[in-house]
Amino acid sequence: MNITLLFVALAAAIILWFFVIRRLRAKPWTTEGILERNNITSLPAEKVGLWAFLAVVTSLFSLFFIMYAERSGYPDWRPLPDPSILWVNTFFLIMASICYQLSRNLLNSKNYKYMKISLYLGGIFTIFFILGQISAWQMAYSSGFFFATNPANTFFYLITGLHGLHILGGLFVWIKTALKVWNGLEYNNLNQIAGIRLSIQLCSFYWHYLLLLWLVLFYLLSTT
Amino acid sequence: MAYVSIADKDHEQHMHDPQSFITKYIWSQDHKVIAIQYALVAIFVGLIAMGLSVMMRLQLGFPEWATFITPEEYYQYVTMHGMIMVIYLLTALFLGGFGNYLIPLQLGARDMVFPYMNMLSFWVYLLSVIVLLISFFIPDGPTGAGWTLYPPQAISEGTPGDGGGIVFMLASLSLFIVAFTMGGLNYVTTVLQARTRGMTLMRMPLSIWGIFVATILGLLAFPALLVAAIMMLLDRVIGTSFFMPAMLTLGETSEFSGGSPILFQHLFWFFGHPEVYIVALPAFGMVSDVLATHARKNIFGYRMMVWAIVGIGALSFVVWAHHMYVSGMNPYFGFFFATTTLIIAVPTALKVYNWVLTLWKGDLRLTVPMLFAIGFIFTFTHGGLTGLFLGNVTVDLPLSDTYFVVGHFHMVMGVSPVLVLFAAIYHWYPKITGRMFNNTLGTIHFWFTLLGTYAIYLPMHYIGFLGVPRRYYANGTMDIVDESVQLQNAGMSVAAIIVALTQLIFLFNMIWSLKYGKKAPGNPWGGTTLEWQTPQTPAAHGNWGENLPEVHRWAYDFSVPGAEKDFTPQNEPASDGVPVGRDHGVNH
């Protein structure tokens with residue numbers, strides 16, 4: 001119930017923000033014949049699109065978390081022992097996030113060589129994370145925690161799987177960006193650099209978000 | 001998903017006109033073509049769902065005669081009719097169809113911001129429809145669990161379609177949600193980022209406001225259905241126990257244990273109630289524009305209308321459990337949800353008053369779209385008022401699961417949005433096709449539809465009061481059901497068949513006018529909004545020719561005192577010819 005309240009509060013906050021920031025109090029009929037500022041931010045549409053997408057992902061995972069919290073209160077809940085490899089995986093994901101942030105900062109300071117390295121490293125750490133998750137699944141499975149034997153197991157596979165799918169989606173974009181960088185950048189081509197910068201910005205934002213999501217998820221898994 | 005957009009950038013910048021038939025009409029990234037594709041598929045499945053409703057009415061009205069309908073089939077018709085109408089027709093047509101068509105045109109944009117993703121959205125939607133329709137052709141047919149798909153019923157042995165039907169349904173819903181999310185991200189981002197110079201949020205036509213807020217609701221609410229669908233699919237396919245309790249079925253203990261069916265209900269209605277407004281808000285918006293245009297009057301209380309749309313959208317997330325009063329809940333929860341439900345009546349009633357006040361002393365032009373829009377005010381008020389009955393726990397308990405509920409929700413979220421859809425189709429038909437429709441046929445369509453739907457649903461409230469339960473294949477000789485009910489049922493069935501046949505007139509009119517209709521002028525109704533000001537009719541690829549329009553006023557400058565014409569388009573500068581405030585433009 002607490003999480004539900006939190007969710008409602010979040011929605012209310014967004015609406016309030018909308019009212020305050022977006023000036024819904026304007027009287028449009030008093031400004032006839034005037035070309036008003038349309039108050040569009042200068043953010044690229046991709047960024048706004050990503051935020052909207054992350055709002056959807058937040059909604060999706062919040063609902064799963066609520067279901068998880070609710071279902072874990074039932075008497076037949078038999079939690080898994082937390083595989084210690086999850087700590088290692090968490091470390092990989094944190095490293096990936098740091099690498100993306102570094103790559104973003106290095107691009108801004110025009111340090112292209114290290115920018116490339118940290119961009120590649122970010123992806124490689126993420127692949128380690130995915131491999132680590134798969135071996136966590138294998139460990140759980142081989143010690144007899146099958147998918148359908150207990151709801152705790154099902155939730156474990158389901159939520160980590162969904163999180164992994166989102167990571168894979170991000171990796172797809174990483175591959176596209178990394179290939180572009182690998183094929184060589186023309187440092188004088190401002191358009192190209194701006195495109196790469198946007199890709200890296202979006203990637204790092206997405207990775208930070210998925211790291212946060214993982215931390216919440218990890219907390220939930222280890223406390224129930 | 002949002003990343004796909006980066007690849008689209010080139011397309012957006014160059015705006016090459018698509019050349020071949022395939023890029024122009026099949027794999028099209030033009031929002032207008034995608035809108036029409038969405039609309040045609042939605043109307044097609046809508047017709048199937050209408051056919052199913054006729055079958056249901058045949059069974060209910062003439063049970064002795066309709067022996068070719070088995071109880072299992074009847075439940076399959078009920079389920080598929082409900083699901084198709086709510087999701088695959090109304091949601092898809094309002095947002096995928098009109099959302100796609102109107103957002104760029106009314107905001108002065110060339111297209112959606114992510115055209116490639118927009119195209120993908122339609123094709124995934126089509127895939128979801130195909131998956132849904134496949135279930136009609138598998139051995140035990142589509143699911144018959146009722147459109148709410150409540151477990152344990154939905155996936156237990158013995159329910160019609162428990163073999164493959166329910167799996168296809170859940171898969172199709174998941175696909176639909178993916179398609180909607182791709183479309184929805186586009187609509188929201190386009191409204192926020194692609195408005196033309198001068199188009200402030202408070203200058204947007206109410207259609208856009210309705211579509212915008214409804215899309216936000218959809219983006220936040222559909223995940224709940226996705227979660228429910230995934231978990232139920234796992235229960236059905238792998239044998240997990242999310243929603244399935246331990247059961248004794250057909251003398252045997254089931255493999256399930258410990259799941260909670262109530263959890264599913266919470267998830268379903270957390271999506272299901274906002275879904276009502278996902279359908280209703282675009283309808284509210286579009287009907288406002290149709291009423292103002294054909295009454296030649298500015299919409300009454302524009303700001304109130306916007307706030308009401310936003311307020312209804314916010315409230316719609318905290319009322320879901322009013323669908324679950326009879327499932328059993330803490331009385332305090334019941335009190336909470338009844339209160340929020342009744343509070344939603346305030347902004348809603350405000351909108352109804354404002355529509356009526358818009359008509360008051362207007363220069364009413366009873367065109368076909370206007371007739372449908374006025375018809376909507378009647379049916380919506382009617383359905384809204386019966387909603388007040390059902391929102392109260394104590395009144396709901398006896399009325400729940402009777403025909404009163406069926407009458408109520410068909411009036412408020414069946415007939416009312418559909419009337420707006422008709423109003424909108426007639427209103428924008430000249431712009432979409434470049435032809436005028438036949439007025440006489442349109443008027444006949446309106447009167448038969450309006451009076452016909454009243455003939456169907458008004459008696460339902462009455463037999464609901466008598467206690468006739470819904471979802472029954474046949475009433476038989478129950479003591480509580482008076483014999484006269486059968487006569488009512490037969491009458492409703494006859495009306496339903498007439499209304500269904502009337503829709504063929506509509507279809508004929510739409511198709512015939514495509515070829516033989518009078519050529520439409522660019523702005524046949526004297527509309528102020530930007531879509532009526534396009535250089536070509538139908539609007540060409542890129543919508544605006546060389547230069548984007550600039551917006552100098554709000555969307556409702558009708559019959560302005562002292563003005564030459566009785567409407568001033570949004571892109572018309574101040575009358576003295578001096579472009580005011582040009583320096584205030586934005587670097588967009």
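Labels below follow one simple rule: chain letters A, B, ... track the order of the sequence lines, proteins then strands, and each chain is numbered from 1. Just so it is clear, the values below take in all heavy atoms, side chains as well, and ignore hydrogens, waters and symmetry mates.
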Calculate, to the nearest 0.5 Å, the distance between atoms CH2 and NZ belonging to B:Trp554 and A:Lys27 respectively. 12.0 Å
Is the shortest side-chain heavy-atom distance between B:Arg303 and A:Trp29 below 4.5 Å? yes
About how many Å separate CZ of A:Phe64 and CG of B:Leu267, when rounded to the nearest 0.5 Å? 8.5 Å
For A:Leu158, which atoms come within 4.5 Å of any heavy atom of chain B: side chain, backbone, both, or neither? side chain
More than 12 heavy atoms of other residues, nucleotides or ligands under 6.0 Å from CH2 of A:Trp182: is that the case? no
Using non-hydrogen atoms only, which part of B:Phe317 is less than 4.5 Å away from chain A: side chain, backbone, both, or neither? neither
Hey, what do you get for OG1 (A:Thr58) to CG (B:Leu219), rounding to the nearest 0.5 Å? 11.5 Å
Tightest non-hydrogen contact, residues B:Ser257 and A:Asp76, listed as O-OD2, 3.6 Å
Got a second to check how far A:Leu35's CG is from B:Thr200's OG1, nearest 0.5 Å? 10.5 Å
Closest non-hydrogen atom pair between B:Thr189 and A:Gly49, with its separation: OG1-CA, 3.6 Å
If you take all heavy atoms of B:Leu185 and A:Phe53, which pair is closest and at what distance? CD2-N, 3.3 Å
Turns out that what part of B:Leu220 lies under 4.5 Å from chain A's heavy atoms comes down to both
Measure the spacing between OG of B:Ser260 and CE of A:Met67 and express it to the nearest 0.5 Å. 8.5 Å
For atom OH of A:Tyr141, decide whether the heavy atoms of other residues, nucleotides or ligands shown that lie under 6.0 angstrom number more than 12. no
Given B:Arg553, B:Arg203, B:Met202, the one that forms side chain to side chain contact (heavy atoms under 4.5 Å, CB included) with A:Thr31: B:Arg203
Among B:Leu234, B:Val306, B:Val188, B:Val318, which residue forms the greatest number of heavy-atom pairs with chain A at distances under 4.5 Å? B:Leu234
Restricting to non-hydrogen atoms, name the atom on B:Pro223 and the atom on A:Leu63 that form the minimum distance, rounded to 0.1 Å. C-CD1, 3.9 Å
Under 4.5 Å from any heavy atom of chain A, what part of B:Asp557 do you find: side chain, backbone, both or neither? side chain
I need the minimum non-hydrogen distance between A:Glu70 and B:Leu263, along with the two atoms involved. CG-CD2, 3.3 Å
Please flag which part of B:Phe222 lies under 4.5 Å from any non-hydrogen atom of chain A: side chain, backbone, both or neither. neither
For the residue pair B:Phe114 and A:Ala45, what are the closest heavy atoms and their distance? CZ-O, 3.5 Å
In Å, rounded to the nearest 0.5 Å, how long is the span from CD1 of B:Ile230 to CG of A:Leu60? 6.5 Å
Heavy atoms only, distances under 4.5 angstrom: which of B:Gln570, B:Met199, B:Glu255 has the most pairs with chain A? Name it, please. B:Met199
When the 4.5 angstrom heavy-atom criterion is applied to A:Phe147 and chain B, the contacting part is both
For A:Leu43, is there any backbone N or O sitting under 3.5 Å from a side-chain donor or acceptor partner on B:Gln193? yes
Which of the residues A:Phe155, A:Trp77, A:Phe61 is involved in the greatest number of heavy-atom pairs with chain B at under 4.5 angstrom? A:Phe155
Is chain A contacted by the side chain of B:Val551, its backbone, both, or neither, given a heavy-atom distance below 4.5 Å? backbone
Scored by heavy-atom pairs under 4.5 Å with chain B, the best of A:Pro75, A:Ala55, A:Ser59 is A:Ser59
Above 12 or not: heavy atoms from other molecules or residues under 6.0 Å from CE of B:Met329? yes
